[in-house]
S.K.: 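A single structure is presented below for examination.
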Amino acid sequence: MRKIIVLLLFCSISVFAQIDRVEPPFWYAGMHNPELQIIFYGKSIAQNEVSVSNNIVIKEVKKTENPNYLFVTIDTKNVTAQDFTFSFSKNKKVVFTKKYSLKQRRENSASRKSYDASDVVYLIMSDRFANGNPKNDSDKSVTEKANRTISGGRHGGDIAGMIQHLDYIKELGATAIWPTPLCEDNDATYSYHTYAQSDVYKIDPRFGTNEEYLQLSSELHKRDMKLIMDYVTNHWGAEHWMMKDLPTYEWFHQFPGYAQTNYRMTTQFDTNASQIDAKMCMDGWFVKSMPDLNQSNPLVLKYLIQNAIWWIEYANLDGFRVDTYSYNDKKGIAEWTKAITDEYPNFNIVGEVWMHDQAQIAYWQKDSKIAEIQGYNSHLPSVMDFTLNDAMGKVFNEDNGAWNAGMINVYENFTNDFLYPNVNNLLTFVENHDTNRFNEIYQKDLSKYKMAMTLLATVRGIPQIYYGSEIGMAGNKDKEGDGAIRQDFPGGWPGDTNNAFTKAGRTAEQQQFFDFSSKLFNWRKSNDVVHFGKMKHYLPENNVYVYFRYTDSKSVMVVINNSKESKTFSTNRFQESISNYKTGNEVITGQDIDLEKDITIGGKSALILELK
């Protein structure tokens with residue numbers, strides 16, 4: 001009897017011993033694209049022949065020079081949600097099997113609504129927002145442990161902390177959150193930013209679990225809020241499990257080994273660029289710890305497409321922000337983007353295209369007429385308005401209204417809107433996790449913050465605010481490094497003496513920032529005239545900028561006085577926009593202003609007038 005038990009135990013172990021990983025770990029029935037490429041990974045697995053049960057059709061079995069990988073493509077067309085079994089045979093004998101699942105999709109999954117200009121996006125540095133579960137700060141499965149005293153170390157922010165403070169974010173008036181990447185990053189140090197991922201199917205255990213990420217999505221949706229995943233297509237981390245055992249030499253760009261990008265994204269469309277410069281931008285590694293993925297390899301591209309779709313389905317996502325979008329293989333990233341939006345026609349994806357010229361940024365937006373000249377279409381719905389960010393980082397210190405200073409630079413930014421195929425689908429921001437904090441640049445000057453937030457809330461596009469700005473957080477990246485702009489949110493850690501998540505815990509200064517931000521963004525939440533209305537603006541005079549957002553039935557007049565002195569001006573110049581409206585109700589103060597008389601506005605201040 002004992003021999004039988006030992007034999008059965010040995011057989012049971014051998015059934016699964018040769019498969020270490022299966023990716024995707026499961027899939028969904030009824031997808032627009034019925035082809036599914038499954039990676040089976042295990043010692044010498046490619047020496048086996050593979051078959052599958054339940055009349056599932058295997059379309060292709062791909063082997064590479066690495067015998068530890070099998071890429072098996074099946075056809076899921078007309079296959080309902082079910083479990084089936086892959087069998088791996090050698091010499092016509094089954095040596096082990098693996099069960100696989102097709103799960104049922106959520107109802108109306110393909111037509112899910114995404115984020116758009118009606119939203120306000122709250123950007124969270126995931127490790128620095130709130131530590132909701134101190135027990136997961138360090139985990140035995142990953143190398144770097146928590147140490148809050150190190151600026152570039154793990155501090156313990158996690159998904160539980162986000163969930164616990166969703167009501168705070170909603171009170172602020174934000175309707176969507178964008179946490180920096182949450183998948184595992186097993187770098188030995190400086191892993192907190194998580195842009196060097198080591199497993200893209202697994203939430204980093206220091207942030208929580210896959211199930212907690214799904215819970216975050218669910219809790220947001222209960223509050224009528226949205227979840228945007230920060231997705232990285234350009235690179236992984238040097239500790240990624242595939243980097244330890246390459247599926248194929250060409251999975252990552254090699255020279256051989258490492259070569260750094262030149263960061264010159266203009267080479268991707270410059271008609272005069274040399275091939276070597278374009279190649280080094282696109283194929284070079286972002287940094288030495290981030291191997292550059294080769295999206296021109298069909299196996300890699302399929303892997304990235306399926307991983308993105310898997311997360312959308314699994315976590316019920318509402319959109320993507322894609323890191324370093326314009327560093328990817330141009331053709332490959334366009335195919336990736338189109339595959340996602342073919343599967344989800346309403347799904348919004350914003351790409352980080354960090355450039356300083358509107359034409360160059362516009363090149364990367366879907367259906368760009370500029371890119372069409374070269375026969376290129378990125379299919380990318382949204383891009384980030386870095387030129388507006390550039391302007392807002394300096395204009396509020398330009399007080400004298402010289403012809404080339406102050407609000408004229410904001411005005412000129414919008415004169416180039418004709419370059420964009422969809423101007424409403426630009427992500428607008430005054431700062432993010434890679435830039436100096438606005439309140440550092442302007443030394444926590446509340447009046448300048450109010451002007452900037454007024455602009456952000458009332459111009460075209462999707463406004464994004466960075467965690468902590470709403471309470472006046474500052475930090476100088478140039479002097480103190482990235483940790484200075486990614487500080488812990490006060491009150492997010494047990495024992496914090498200042499809890500800015502609550503009114504009772506905020507300082508008087510923090511409360512001033514929060515009160516204004518909350519009133520402004522909650523007003524914006526229900527005003528479609530600033531979501532999708534048209535814009536008409538007037539040349540700034542004496543550093544005073546006036547513009548209107550309007551529809552057929554509603555109009556909002558915005559006045560920003562960037563001068564230190566009060567200004568009085570006649571409304572006659574704006575009659576084509578004021579038309580038959582007689583008064584304007586100021587959104588923040590509630591004051592009624594007579595539009596048939598001159599308007600006086602204080603120095604370094606803004607008015608938002610709902611016209612009546």
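The structure presented is a predicted model; accordingly, all values stated were derived computationally and were not measured.
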S.K.: Donor-acceptor pairs are to be reported for all side-chain atoms of residues 184-191 against protein atoms at under 3.5 Å, with residues two or more places apart or in another chain.
M.R.:
residue, atom, partner, partner atom, Å
Glu184, OE1, Lys202, NZ, 3.4
Glu184, OE2, Ser198, OG, 2.7
Asp185, OD1, Asp187, N, 3.1
Asp185, OD2, Ala196, N, 3.3
Asn186, OD1, Thr143, N, 2.7
Asn186, OD1, Thr143, OG1, 3.4
Tyr190, OH, Asp482, OD2, 2.9
Ser191, OG, Glu144, OE1, 2.6
Ser191, OG, Arg154, NE, 2.9
Ser191, OG, Arg154, NH2, 3.4

S.K.: Would you please indicate yes or no on a ring centroid separation below 6.0 angstrom for Trp311 and Tyr201?
M.R.: no

S.K.: Is the shortest side-chain N to carboxylate O distance from Arg264 to Asp277 below 4.0 Å?
M.R.: no

S.K.: Does Asn33 have any side chain to side chain donor-acceptor pair (under 3.5 Å) partners at least two apart in sequence or in another chain, and if so, which?
M.R.: none

S.K.: Could you list the donor-acceptor pairs under 3.5 angstrom formed by side chains in residues 334-341, with sequence neighbours left out?
M.R.:
residue, atom, partner, partner atom, Å
Glu335, OE2, Lys331, NZ, 2.5
Trp336, NE1, Leu304, O, 3.2
Thr337, OG1, Tyr325, OH, 2.7
Thr337, OG1, Ile333, O, 2.7
Lys338, NZ, Asp342, OD1, 3.4
Lys338, NZ, Asp342, OD2, 2.9
Thr341, OG1, Thr337, O, 3.0
Thr341, OG1, Lys338, O, 3.3

S.K.: Residues two or more places apart in sequence or in another chain: which of them pass side-chain contact (heavy atoms from CB on, under 4.5 Å) with Asp292?
M.R.: Asn234, His253, Trp285

S.K.: Quick one: are the ring centres of Phe320 and Phe347 less than 6.0 Å apart?
M.R.: yes

S.K.: What's the verdict on ring pair (Phe, Tyr, Trp, His ring centres under 6.0 Å) for Phe418 and Tyr420, showing C-alpha distance, side-chain angles and the deciding distance?
M.R.: CA-CA 6 Å; Phe418 72 96; Tyr420 294 104; 9.1 Å; no

S.K.: My understanding is that only residues two or more places apart in sequence, or in another chain, count here; which of them pass ring pair (Phe, Tyr, Trp, His ring centres under 6.0 Å) with Phe269?
M.R.: Tyr363

S.K.: Just to verify, what does Lys288 make a side-chain contact (heavy atoms from CB on, under 4.5 Å) with, not counting sequence neighbours?
M.R.: Tyr258

S.K.: List in chain and number order the residues that pass side-chain contact (heavy atoms from CB on, under 4.5 Å) with Ile150, two or more places apart in sequence or in another chain; answer none if no residue qualifies.
M.R.: Asn147

S.K.: Centroid-to-centroid, Phe40 to Tyr69, below 6.0 Å?
M.R.: no

S.K.: Do Arg321 and Asp230 meet the salt-bridge criterion of a basic N to acidic O distance under 4.0 Å?
M.R.: yes

S.K.: Please name all residues satisfying side chain to side chain donor-acceptor pair (under 3.5 Å) with Asp357, sequence neighbours left out, ordered by chain then number.
M.R.: none

S.K.: I'd like to check the ring pair (Phe, Tyr, Trp, His ring centres under 6.0 Å) partners of Tyr327; sequence neighbours left out, ordered by chain and number.
M.R.: Phe286

S.K.: Could you tell me which residues satisfy ring pair (Phe, Tyr, Trp, His ring centres under 6.0 Å) with His433, sequence neighbours excluded, listed by chain and number?
M.R.: Trp178, Tyr195

S.K.: With Glu219, which residues qualify under salt bridge (Lys or Arg N to Asp or Glu O under 4.0 Å), at least two apart?
M.R.: Lys222, Arg223

S.K.: Ring centres under 6.0 Å, that's the criterion: do Tyr28 and Tyr314 meet it?
M.R.: no

S.K.: State plainly whether the residues Arg21 and Glu23 are in salt-bridge range, i.e. N to O under 4.0 Å.
M.R.: yes

S.K.: Under the rule for ring pair (Phe, Tyr, Trp, His ring centres under 6.0 Å), what residues qualify as partners of Trp27, not counting sequence neighbours?
M.R.: none

